[in-house]
Amino acid sequence: MERDITLTVNGTEHELSVEPRTLLIHALRDEMGYTGPNVGCESSTCGTCTVHVDGKAVKACTELAVRAEGSEITTIEALNEDGELHPLQESFQEEHGLQCGYCTPGMVMTAAEFLEEEPDPDREEIREALEGNLCRCTGYQNIVNAVETGAEKMRTETAADGGTVEGGD
Amino acid sequence: MATEERRSGPDGVETVDADDVDAADILGSAIERREDPSLLTGDAEYTDDIQLPDSAHAAILRSQYAHARIEGIDTSEAEAMDDVVDVFTAEDIDVPGNLPTAWDLDTLRTVDHPVLAEDRIRYQGDALAVVVAEERYQAHDAVDRIDVDYDRLEAVTDPETALDDDAPVVHEEEGTNTAFDWEIGDADETDAAFAEADHAVGIDVTNQLLIPNAMEPRAAIADYDDSDDELTLHMTTQNPHVHRLLLSGVIDHPEHKLRVRAPDVGGGFGSKIHHYADEALVALAAKRAERPVKWQATRTETYLTDAQGRGHETHAELAVDDDGTIRGLRVDTAANMGAYLSTFAPAVPTYLYGTLLSGQYDIPAIHCEVSGVFTNVPPVDAYRGAGRPEASFVVERIVKEAADAIGMDPTELRRHNFPDPDEFPHATPVAMEYDSGDYDKTLDRALDLVDYDEFRERQERAREEGRYIGVGLSCYIEACGLAPSELVGELGAGAGLWESGLVRFTPSGTVKAAVGTSGHGQGHDTTYAQVVANELGVDYDDVDVDEGDTDALPQGMGTYGSRSAAVGGSALVQSARKVVDKARKIAAHQLEADPIDVEFEDGEFYVAGAPDRSMGVQDVALEAYLAHDIPDDIEPGLEATTFFDPDNFVFPFGTHVAVVEVDPDTGEIEFEDYVAVDDVGNQINPKIVEGQIHGGVAQGVGQALYEGAEYDENGQLVTGSMQDYTVPKAEHIPDMETDSTTTPSPVNPLGVKGVGEAGTIAAPQAVVNAVVDALEPFGVEDIDMPLTNERVWRAAHGNGGDS
């Protein structure tokens, strides 16, 4: 028995019919074509499916699409604006924080939310923040470097915009 | 090619934007990867991202049990479900359907490996039936409605038990679980070495079964065009051409009407080399349904079906003299092959293992016997390192034990047995001839980075405070870029191990390079472009690289065994040089000079002694295609293809050192330091090299401390999900300090050696040696991997856990 729902993804409203059991990740990927987030484990362990739901990082492989109705969903596709990479995307490239790239959309989305909460984390805090995102290629070191560098870029941007930076240097 | 030694702390090598690098320096520069923007923005296209019009979805029913007779399969309920397009079992398919083993050994018992089980199940993931439905969920629903009548049999999962007389027999018709018996080296000479040596040291080691865990589960989409019999597979593969060849036999489809394409592939680590039943089943499903069919493995399916790695039980003995001279090594291994012989499986515990048992040492006599054993676990085949980690683990563990036994510093025992740098090529008693090496250099650098000289004092002081720190070394050797083809053919390979590379100028002067390897995270688009731009003297951005599509490339053998740069990169170098040779003749004609007098430098041809008479290679390309004014004996066009077949393997080496603190009260292990000094020959892109080392070490640390496929007594996989099998998280892996030395390989024009597997080969024994060293005051000599808190605690408490 399908249900009609409306999902707002990256600022665009989508009307679709889904089964009550349809996972948000499959609605995003199969129904709406947002294939940036990936499926790695179907059990909330690996984090490749991470998207933002109302600004919070959520594992879309264990969230039902119907529960996301009325929420603002952001996927990796919308993180860069006006053709410019987000500072975190830039820093992942500069620091070689990705290899096969499969975990990367989830990793970046988790890191982006984390840096909103904690703009100036140390390496240990970054490693803890990424505990729900697995990477099999990089050994994490360059991901940690990328998040450190991305945090620095974001603090600089915030400062340049005249904002205040909690814990900034 | 930059050859200076590099040092990097946690921040590592600094990358540069390719636009900021002079063309002459492009090779050897740590430029940012051109692959990354698409991977970082969600534009990448992995197999499951592809949505072909009118696509149906397949799901595969897998056995509930590890060992059973199939009494019957009832698919009627599934077939009756709405939106189910097709259901088929073994009796419905009329193609050979037998997965081949592409490596032979003299004593190998080749057994049938049907793509759908016919009357018997031999491991828990064995495929029984295929459902094709309109939607993904419906296909899985229908699979759940298939009823299988099993007659369960006793199962056996470890190779030593499987060799017992009363063990269940996996392949009944063979009457034994022995898949093969293999040996290398000289038994008599080794016996004589032991008879003469001052000491013999023995160890028993388990190298546990591992599950590769590429983040992207395997997947395939088959698209069949009935009108011209063209079948295309988009799939997660490390070697599209190999898959095409094998698949064409399995499903009886002409090879020239079969296209295999690798879109972006989310990691492999060996697991996407092999030909599984699944891609054949998807292809058959698409032909039956006459519409595209997609199959995407669930993570559970990858745990049950991805070829696993390692799985060795080994007894080894080392003959050593009082002064530390190693006289001989004797090794006896039972290797778990799983239920069937996967694609290259017989090579892994034999020619990729026994041949590496000399390690970095000059050992006069070695004898190794290996029994390959059938069990009721998934097929065991290549996983990152494939045989070489197992060999290095044996050698580096026993060398440490020998040093302890004779009271010698483990670094000194190692150093005492290194061949000198001027003794290369260095022949071993296990059939290898190491290309080049300078083992003192990587050892010295690594010891320097961990302040080894003061470590023992620090360790002593710590022990007085009740803290237990330890240092572990791993002086590893690896062999990659297996070659030449004639040799690997003699060893049993059902394939040549050359690589093909095409370099083609367009008329406007840009360059298309195509190569038969198939990257899946290694950054080949970047590094191959660096190689080709350097050879042709053109701008890096003017070079585009194609990989991973049987229709786009001449031929190819794929990416595994750390072979891509050494073999594929070299094929591109040779092709670029052929292109330059042809362009030189055209340029000479245009410049009215003898080709012998025309020099080529930085993309410009010029007449020797008259540098103003010059012509850029990109202008020559236009002339080559215009063909209005080229020499009579030259064909139009400017491209070349090379099948590069190296003369020998390449042998990267290095020293990894782990420094750990162990808490004997909790069994917890903390890294104080992890240093990796690797010599992978010349480096095309040092940042990518660093990334390969980091990732390899992480998988090696994973094996040492966390990972292992565990089965219960019925052969059921206990670690069958990511919540049960510990893929290391960010907080599990230490920051590493990486450094390198550069000893170019003489066997390829790039002087590269390969880096993809080095970390995984090196790390486990560095970690285990460190933990054993830390717990030396407790009399601990060995702990089986993974070194869980419980195992460490038990070891520190005399194994019984009562004290």
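Per chain, numbering begins at 1; letters A, B, ... match sequence-line order.
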For this session: Flag the pair A/T48 / B/M215 as yes when at least one side-chain heavy-atom distance between them is below 4.5 Å, and no otherwise.
Result: yes
Exercise. If you measure from CZ on A/R127 to NE2 on B/H732, what distance do you get to the nearest 0.5 Å?
Worked result: 11.0 Å
Exercise. With a cut-off of 6.0 Å (strictly less than), are more than 12 heavy atoms of other residues, nucleotides or ligands near CD of A/E2?
Worked result: yes
Exercise. Any side-chain donor paired with an acceptor under 3.5 Å for B/E737 and B/Y674?
Worked result: no
Problem set entry | Region of B/E35 in contact with chain A, defined by heavy-atom distances below 4.5 Å | neither
Exercise. What part of B/V697 gets closer than 4.5 Å to chain A, counting heavy atoms only: side chain, backbone, both or neither?
Worked result: neither
Seminar exercise, completed: Max heavy-atom pairs within cutoff under 4.5 Å with chain A, candidates B/G696, B/S721, B/G521, goes to B/G521
Exercise. Going by heavy atoms in the side chains, are B/Y46 and B/L39 under 4.5 Å from each other?
Worked result: yes
Seminar exercise, completed: Among residues 14-26 of chain A, those lying within the under-4.5 Å heavy-atom range of chain B are A/E19, A/R21, A/T22, A/L23, A/H26
Exercise. Side chain, backbone, both or neither: which part of B/Y303 has a heavy atom under 4.5 Å from chain A?
Worked result: neither
Seminar exercise, completed: Most contact-rich option vs chain A, by heavy-atom pairs under 4.5 angstrom, among B/E216, B/M722, B/E135, B/Q692, is B/E216
For this session: Tell me, please, which residues at least two apart from A/E42 pass salt bridge (Lys or Arg N to Asp or Glu O under 4.0 Å).
Result: none
Problem set entry | Heavy-atom side-chain proximity of A/E90 to A/E94 below 4.5 angstrom | yes
Exercise. Which of the residues B/G267, B/G702, B/G691 is involved in the greatest number of heavy-atom pairs with chain A at under 4.5 angstrom?
Worked result: B/G691
For this session: Under 4.5 Å, heavy atom to heavy atom: which of residues 61-83 of chain A reach chain B? Give them by number, or say none.
Result: A/I76, A/E77, A/N80
For this session: Starting at CD of B/E731, measure out to CD of A/E128 and round the result to the nearest 0.5 Å.
Result: 6.0 Å
Problem set entry | Proximal component of B/T298, with respect to chain A [non-hydrogen, under 4.5 Å] | both
Exercise. Chain A heavy atoms under 4.5 Å from B/Y137: which part of the residue, side chain, backbone, both or neither?
Worked result: both
Seminar exercise, completed: Applying a strict 4.5 Å limit to non-hydrogen atoms, the region of B/V265 in contact with chain A is backbone
Exercise. Tell me, side chain or backbone of B/I688 under 4.5 Å from chain A's heavy atoms, or both, or neither?
Worked result: both
Exercise. Can you name the residues that form a salt bridge (Lys or Arg N to Asp or Glu O under 4.0 Å) with A/R29, not counting sequence neighbours?
Worked result: B/D48, B/D49
For this session: Apply the salt bridge (charged side-chain N to carboxylate O under 4.0 Å, His left out) test between A/E148 and each candidate in A/K153, A/R155, A/R123; give the one that qualifies.
Result: A/R123
Exercise. With a 4.5 Å limit on heavy-atom distance, are the side chains of B/K272 and B/Y560 in contact?
Worked result: no
Exercise. Under a 4.5 Å cut-off applied to non-hydrogen side-chain atoms, are A/Q99 and B/Q522 in contact?
Worked result: no
For this session: For each of B/G759, B/P217, B/G523, B/A698, tally heavy-atom pairs with chain A at distances under 4.5 Å, and name the one with the top tally.
Result: B/P217
Problem set entry | Nearest heavy atoms of A/K56 and A/E113, plus distance in Å | CD-OE2, 3.3 Å
Problem set entry | chain A contact via B/P212 - side chain, backbone, both or neither, heavy atoms under 4.5 Å | backbone
